[in-house]
Amino acid sequence: MSLQIYNSLTRQKEEFIPLQPGRVHIYVCGPTVYSHAHIGHAKSYISFDVVVRYFRYLGYRVKYVQNITDVGHLLGDADEGEDRILKKAREEQLDPMEVAQMYTWSYFDDMAALGVLRPDISPHASGHIIEQIELVKILLEKGYAYESNGSVYFDVHKFPEYGQLSGRKVEELEAGSRVEVNPEKRHPADFALWKKAEPNHLMKWPGPWSVGYPGWHIECSAMSMKYLGETFDIHGGGLDNIFPHHECEIAQSVAATGKPFARYWMHNNMISLSGEKMSKSLGNVWNIKDVVKNYSSLAIRHFILSSHYRSRLEYSEEALKAAEQGSHRLLNAVEKLQEALRAAAEGEIFSAPFSPEDYRRRFEEAMNDDFNTARAMAALFDLAKASNQYLAETPAPHKPFLVEIEQLFKTLGHEVLGILPAEIGAGAGAVSGELVEKLMILNLDVRNQLRKQKNWALADQIRNELQKAGVILEDRPDGTTGWSREK
RNA sequence: GGCGCCGUACCCAAGUGGCUAAGGGAAAGGUCUGCAAAACCUUCAUUCGGCGGUUCGAAUCCGCCCGGCGCCUCCA
């Protein structure tokens with residue numbers, strides 16, 4: 001089956017056909033850098049991280065752009081001219097750019113800690129003021145926008161398709177009581193492309209209409225088209241950005257170029273806490289920096305990928321713990337595999353008890369179905385079980401067979417999902433160092449002599465002390481002892 | 001008020017017309033074992049919020065009801 005993607009624009013799954021054969025151009029809305037990223041951001045960016053990884057696995061050459069919003073969004077269309085970064089700057093007595101920069105680094109750190117691969121381009125809104133102004137100029141020239149008292153607004157009535165993505169009608173929006181009346185606008189649903197700065201506004205740039213700053217939506221149009229072309233393959237982001245952000249992006253971009261904008265729109269669902277959306281305004285937020293203190297990055301990815309990206313995911317300590325345990329199960333399976341591999345022989349006569357390729361097929365089928373990572377992971381767990389079973393009942397396992405399985409874990413588990421580390425098997429010399437390896441052999445040798453003398457007290461003391469140092473011992477039925485580092 | 005989503009075992013979570021309702025965690029019993037850990041085996045939803053309907057057949061489609069949530073303002 002070919003890759004199917006649920007397109008928010010058409011509200012159905014569609015076969016993915018790239019604009020240019022073999023290439024994928026993808027843009028994902030990045031964070032507004034005014035505070036630390038939370039676990040909800042992790043869901044979004046890990047989801048798209050896996051989307052990009054899977055495209056690469058399929059052999060596509062991917063160009064992945066994710067913006068950094070460091071200009072700040074308006075608090076409201078008819079607000080006092082204070083954006084969220086500026087607000088934070090006031091609160092923390094910092095230059096607005098210091099705030100943005102500080103949280104940009106923080107965001108990059110958090111993503112690295114979660115094993116999220118870097119986008120190919122991370123453009124800053126503040127570094128693309130010129131491009132944004134140029135885009136506004138075009139919209140004015142084409143008659144889609146109008147200037148009013150130094151600000152520029154997009155006229156939604158000039159763009160009949162407005163509302164297509166979010167399923168909204170302009171009349172309904174205008175009838176809605178939540179749209180504040182702004183005397184500068186012709187219609188309540190019009191949105192700002194350029195805002196004239198109030199005297200107390202610190203983040204501002206000289207523009208053709210006033211000293212001001214760009215509207216919220218224009219940056220994504222300007223930067224995505226600059227780096228990916230006027231029409232590109234995929235635009236992603238959180239469900240909560242469909243309206244107004246993505247709706248406005250489409251309007252601006254299509255109006256300016258006369259061409260289709262993004263061809264597939266992908267939206268990830270939210271993380272909830274006690275049934276409610278996790279968001280800063282509700283104050284029910286778990287920062288990534290705090291979650292990482294208690295759970296491994298593999299477990300966090302495991303937790304997030306165990307549900308579909310378009311499903312809402314309920315955050316709880318219990319769920320994170322379950323993910324941590326599940327993560328250990330996979331790691332243990334691969335460790336056992338690698339240990340067996342070191343002792344395995346090539347062998348000549350061999351009939352495979354199962355076909356590893358079957359599991360790859362299942363994995364791909366799941367991923368091809370709109371990136372169903374939950375089902376893909378089930379295939380990996382089943383592979384782990386099959387592998388464990390084989391090793392448990394086979395005294396002299398067949399080396400090429402084990403290599404094949406190991407390769408599968410590495411490709412699917414590590415490279416695509418990122419739920420297994422690059423180097424598995426902490427007990428292996430590669431990770432621990434030659435000296436440690438030798439000391440452990442000595443240690444276990446002494447302990448096994450104690451065990452033969454039935455000196456359980458001393459043998460257990462060694463095991464306990466090693467555990468305190470983060471080394472787990474495992475006495476096998478055959479009398480040998482294995483060891484690994486605590487996960 | 002408008003648009004939309006969800007309700008699957010003790011917990012998390014796949015599945016959206018038809019073989020035995022994935023997978024993980026927890027729990028119970030067993031094998032192994034000096035003990036521990038890991039692994040393996042077994043058990044764990046005749047049932048998918050409720051009630052009707054369509055169909056040879058529905059967790060999956062339709063209707064109503066109950067419960068929860070998202071967007072409509074910044075939000076991943």
Side-chain angles (χ1 to χ4, degrees), chain A residues 11 28-32 34 37-48 72-79 83-84 87 163 166-169 171-173 175-180 189 216 236-245 247 267-272 275-282 302-303 306-308 310-316 318-330 332-333 335-336 362 366 369 372-382 384-385 388-389 391-393 451 454-456 459-460 463-464 467 472-479 482 484:
Chain A
R11 291 158 207 252
V28 173
C29 281
T32 304
Y34 66 105
H38 56 73
I39 199 74
H41 294 100
K43 174 163 164 68
S44 188
Y45 300 121
I46 286 173
S47 297
F48 286 108
H73 296 166
L74 304 179
L75 289 173
D77 262 349
D79 66 13
D83 73 39
R84 35 208 320 180
K87 191 177 170 210
S166 56
R168 262 159 250 269
K169 295 191 176 85
E171 311 84 70
E172 283 166 0
L173 285 168
S177 55
R178 300 182 74 171
V179 179
E180 281 183 60
W216 170 32
L239 208 59
D240 50 359
N241 270 332
I242 289 179
F243 191 88
H245 188 51
E247 194 69 63
H267 292 99
N268 65 276
N269 214 135
M270 308 287 104
I271 280 192
S272 59
E276 285 187 310
K277 174 183 171 184
M278 185 179 284
S279 76
K280 268 158 273 187
S281 48
L282 287 173
H302 197 104
F303 164 65
S306 68
S307 88
H308 189 90
R310 284 192 290 112
S311 297
R312 211 173 62 174
L313 178 59
E314 171 74 13
Y315 180 94
S316 72
E318 204 180 352
L320 260 298
K321 277 177 191 152
E324 189 82 72
Q325 286 308 113
S327 175
H328 287 176
R329 183 171 160 79
L330 280 184
N332 281 330
E335 259 179 36
K336 278 189 190 299
R362 273 180 61 194
D369 185 11
N372 194 325
T373 52
R375 242 165 66 208
M377 277 168 63
L380 284 189
F381 273 104
D382 286 342
K385 185 167 191 167
N388 280 333
Q389 256 166 6
L391 293 175
E393 61 202 26
R451 290 175 68 216
K454 296 197 190 297
N455 190 339
W456 309 125
D460 286 352
R463 187 169 65 195
N464 292 339
Q467 184 167 10
I472 308 289
L473 295 194
E474 184 181 334
D475 293 326
R476 274 59 173 286
D478 63 5
S484 64

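Please read all numbers here as calculations on a predicted model, not as lab measurements.
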> So, A:F243 versus A:H267, ring centres under 6.0 angstrom or not?
Replying inline: no

Mate of [N] where both pairing distances stay under 3.5 Å, Watson-Crick or G-U:
| N | value |
| --- | --- |
| B:C40 | B:G30 |
| B:G18 | B:C56 |
| B:C48 | none |
| B:C3 | B:G70 |

> Is the A:H41 ring parallel, tilted or perpendicular to the A:H38 ring (thresholds 30°, 60°)?
Replying inline: tilted

Measure the distance from [atom1] on [X] to [atom2] on [N] and round it to the nearest whole Å.
| X | N | atom1 | atom2 | result |
| --- | --- | --- | --- | --- |
| A:R329 | B:G23 | CZ | P | 10 Å |
| A:K385 | B:G23 | NZ | P | 7 Å |
| A:H245 | B:C72 | NE2 | C1' | 16 Å |
| A:D382 | B:A14 | CG | P | 17 Å |
| A:E247 | B:C3 | CD | P | 16 Å |
| A:L239 | B:C71 | CG | P | 9 Å |
| A:R375 | B:A21 | CZ | P | 17 Å |
| A:R362 | B:G15 | CZ | C1' | 13 Å |

Give a yes/no answer on whether the side chain of [X] brings an N or O atom under 4.0 Å of OP1 or OP2 in [N].
| X | N | result |
| --- | --- | --- |
| A:K280 | B:A76 | yes |
| A:N241 | B:A76 | no |
| A:K277 | B:C71 | yes |

> To the side chain of A:I271, which of B:C72, B:A76, B:C40 is closest?
Replying inline: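 For A:I271, the side-chain atoms sit closest to B:A76.
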
>> Nearest to the side chain of A:E276, heavy atoms from C-beta on, is which of B:A39, B:C69, B:C71?
In response: B:C69

Give me, pair by pair, the N or O atoms of the protein and of nucleotides 4-13 of chain B that are less than 3.5 Å apart, along with how far apart they are.
unit_1, atom_1, unit_2, atom_2, d
B:C11, O2', A:E318, OE1, 3.4
B:A13, OP1, A:E314, N, 3.4
B:A13, O2', A:S306, O, 3.1

Need one value for [X]: base, sugar-phosphate or nothing, where a base atom within 4.0 Å counts as base even if backbone is also close, heavy atoms only.
| X | answer |
| --- | --- |
| A:K321 | nothing |
| A:N268 | base |
| A:G275 | sugar-phosphate |

Strictly under 3.5 Å: I want the nitrogen or oxygen pairs between protein and nucleotides 26-36 of chain B, one per line.
unit_1, atom_1, unit_2, atom_2, d
B:G34, O6, A:R451, NE, 3.3
B:G34, N1, A:D460, OD1, 3.1
B:G34, N2, A:D460, OD2, 2.7
B:C35, O2, A:R463, NH2, 2.5
B:C35, N3, A:R463, NH1, 2.9
B:C35, N3, A:R463, NH2, 3.4
B:C35, N4, A:D475, OD2, 2.9
B:A36, N6, A:D475, O, 2.7
B:A36, N1, A:D475, N, 2.9
B:A36, N3, A:R463, NH1, 3.1

